[in-house]
Novice: 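Sharing a structure with you now.
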Protein chains: 2
Amino acid sequence: MVFQEERITEIGKKLHQAGMKLTPQRRATVSTLLEYQTKHLSAEELFTLIKQKEPEIGLATVYRTLDLLTELRIADRVTFEDGVARYDLRCEDHQHFHHHLLCSVCGKVEEIHEDLLVEVEQEVLHKYGFKVRDHRLTFHGICAACSKNIKQSN
Amino acid sequence: MVFQEERITEIGKKLHQAGMKLTPQRRATVSTLLEYQTKHLSAEELFTLIKQKEPEIGLATVYRTLDLLTELRIADRVTFEDGVARYDLRCEDHQHFHHHLLCSVCGKVEEIHEDLLVEVEQEVLHKYGFKVRDHRLTFHGICAACSKNIKQSN
DNA sequence: TACACAACTGACAATTTTTTTCATTTTTGA
DNA sequence: TCAAAAATGAAAAAAATTGTCAGTTGTGTA
Ligand SMILES: [Zn+2]
Ligand SMILES: [Zn+2]
Ligand SMILES: [Zn+2]
Ligand SMILES: [Zn+2]
């Protein structure tokens, strides 16, 4: 977990640049987000996990921290079909949010970390004059594993 | 509003095919969705409007109807940054949900009705084995009007 | 017609998720 | 040292959504 510490320190710097502090509660939140990357946890789920490292934390603080991280573009909020807000740490060197594949058979959420939309966004600028700064893209469909299962059962 | 009536009748047929009825409450809901197309109204907002045509309707029925329409793929549920579910009628001949442009300056929501993702979805199939059946794509950025204003004020 | 049955409904209770309030604690910086 | 600012936890409140249930409506059938 050496990288984790580095990453947390780096995020601490970003907070300081914005005139905010990396309190123990915020550190625990960031560290939990790191630990459960790609899990797309909700505020409640995070709260439960964070409490294990930092029992002195309230749910409201978790919400406040997640809001803060989202505003500073350290984390991204994303909502899938259940309507609950979930949180992803933004990859360090990525300008844009990554994409998600939502399997409607097994419910699994996969991530795609290549951009895929560079050309589409140029088209959007030319045709609609809209300057894209970020995006949210989720595909609904059938994942590779489930496709295989369906074929075999025929 | 001739087209509206046609459209409602057509949706009524889809309901009947699924063994359900086009009750006055459901009719009023569909008609309101049609009337406020592209407005992306929430269940509450729709409820207020529907009540004007059909005062004998409860909020729960609006939720139930919207769920039903979503399951039958007559309507689409979409969630923007405020976390509230909003509803769009699906365009008749479209396989996929349309896209949205969210201006972070003026808050306006524009729609894009061309698909744009055909190639991207093929890539997703080839690289990840994921069979796309539908998608949600929202661009965050600055709309044409706001870009112009920003330029002028420099 | 009478009647059984399932679909549908509104009112309201309950639940879930998120935000607000407020008194207290911690940090900062003159 | 001490006042102001920032941050916090607990609890209340608000907002969004779902569940319950008794009553209604429409349909097919005896
Ligand atoms: Zn993700
Ligand atoms: Zn799957
Ligand atoms: Zn739309
Ligand atoms: Zn704008």
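Here the structure is a predicted model, which is why all the values come from computation and not from measurement. A note on names: the letters A, B, ... follow the listed sequences, proteins ahead of strands, and every chain is numbered from 1.
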Novice: So does Lys39(A) pair up with Glu45(A), basic N to acidic O under 4.0 Å?
Specialist: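 Glu45(A) and Lys39(A): not salt-bridged.
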Novice: Among the candidates dC8(C), dT17(C), dA7(D), find the nucleotide nearest to the side-chain atoms of Met20(A).
Specialist: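 Of dC8(C), dT17(C), dA7(D), dA7(D) is nearest to the side chain of Met20(A).
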Novice: In whole angstroms, how far is the C1' atom of dT8(D) from the CG atom of Leu66(A)?
Specialist: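 Rounded to whole Å, this separation is 15 Å.
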Novice: Between dT8(D), dA6(D), dT18(C), spot the one nearest the side chain of Thr61(A), thanks.
Specialist: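 Shortest atom-to-atom distance from the side chain points to dT8(D).
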Novice: Checking contacts here: which listed nucleotide (dT19(C), dT18(C), dT17(D)) is nearest the side-chain heavy atoms of Asp67(A)?
Specialist: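 Of the options given, the side chain of Asp67(A) lies nearest dT19(C).
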Novice: Going by modelled atom types, is there a donor-acceptor pair between the base of dG9(D) and the side chain of Arg64(A) at under 3.5 Å?
Specialist: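 Result: at least one qualifying N/O pair found.
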Novice: Contact class for Leu59(A) vs. all strands (heavy atom < 4.0 Å): base, sugar-phosphate, or nothing?
Specialist: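 It contacts base atoms.
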Novice: Given atom CG of Leu41(A) and atom P of dT18(C), what is their separation to the nearest angstrom?
Specialist: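 Whole-Å distance recorded here is 13 Å.
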Novice: Between dA6(D) atom P and Leu68(A) atom CG, what is the distance in whole Å?
Specialist: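 Atom CG in Leu68(A) sits about 13 Å away from atom P in dA6(D).
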Novice: Can you tell me if Glu119(B) has over 12 outside heavy atoms packed within less than 6.0 Å of its CD?
Specialist: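 Not more than 12 within 6.0 Å, no.
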Novice: Mind calculating the distance between OH (Tyr87(B)) and P (dA16(D)) to the nearest angstrom?
Specialist: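 Taking atom P of dA16(D) as the reference, OH of Tyr87(B) is at 12 Å.
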Novice: How close or far is atom P of dC8(C) from atom CD of Glu56(B), stated in whole angstroms?
Specialist: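 Those two atoms, CD and P, are 19 Å apart.
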Novice: Between dT8(D), dA10(D), dA7(D), spot the one nearest the side chain of Ala60(A), thanks.
Specialist: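 Selected nucleotide: dA10(D).
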Novice: Looking at every strand, decide which applies to Arg26(B) at a 4.0 Å heavy-atom threshold: base, sugar-phosphate, or nothing.
Specialist: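 Sugar-phosphate contact only.
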Novice: Of all the choices, dT9(C), dT27(C), dG9(D), which nucleotide is nearest to the side chain of Thr23(B) once you look at every atom?
Specialist: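 From the listed options, dT9(C) comes nearest.
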Novice: May I ask you to say whether Glu121(A) pairs ionically with Arg133(A), meaning some side-chain N is under 4.0 Å from a carboxylate O?
Specialist: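 Between Arg133(A) and Glu121(A) there is no salt bridge, as every charged N stays at least 4.0 Å from the carboxylate O atoms.
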Novice: Indicate yes or no: at least one non-hydrogen side-chain atom of Leu33(A) is less than 4.5 angstrom from one of Ile74(A).
Specialist: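 Not in contact.
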Novice: From CG of Leu46(B) over to P of dA16(D), roughly how many Å is that when rounded to an integer?
Specialist: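 Checked: the CG to P distance equals 13 Å.
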Novice: Grab the CD-C1' distance between Glu81(A) and dT17(C) for me, whole Å please.
Specialist: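 To the nearest whole Å, that distance equals 17 Å.
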Novice: Does the plane of the ring in His98(B) sit parallel, tilted or perpendicular to the ring in His113(B)? Use 30° and 60° as the thresholds.
Specialist: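 His98(B) and His113(B): tilted rings.
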Novice: Using whole Å, what does the distance between atom C1' of nucleotide dT9(C) and atom CD of Gln25(B) come to?
Specialist: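 Computing the Gln25(B):CD to dT9(C):C1' distance gives 6 Å.
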Novice: It should be established whether Tyr63(A) places a side-chain nitrogen or oxygen under 4.0 Å from OP1 or OP2 of nucleotide dT18(C).
Specialist: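 For dT18(C), OP1/OP2 do have a side-chain N/O of Tyr63(A) under 4.0 Å.
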Novice: Of the nucleotides dA16(D), dC8(C), dT18(C), which has the atom closest to the Ala85(A) side chain?
Specialist: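 So the side chain of Ala85(A) is nearest to dT18(C).
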Novice: Heavy atoms from C-beta onward define the side chain here; which of dT28(C), dT17(D), dT9(C) lies closest to that of Glu44(B)?
Specialist: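 My answer, after comparing the listed nucleotides, is dT17(D).
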Novice: Closest-nucleotide mapping onto DNA chain C: is Leu22(B) or Lys51(B) further toward the 5' terminus? I mean the 5' end.
Specialist: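 Counting from the 5' end, the first nearest nucleotide belongs to Leu22(B).
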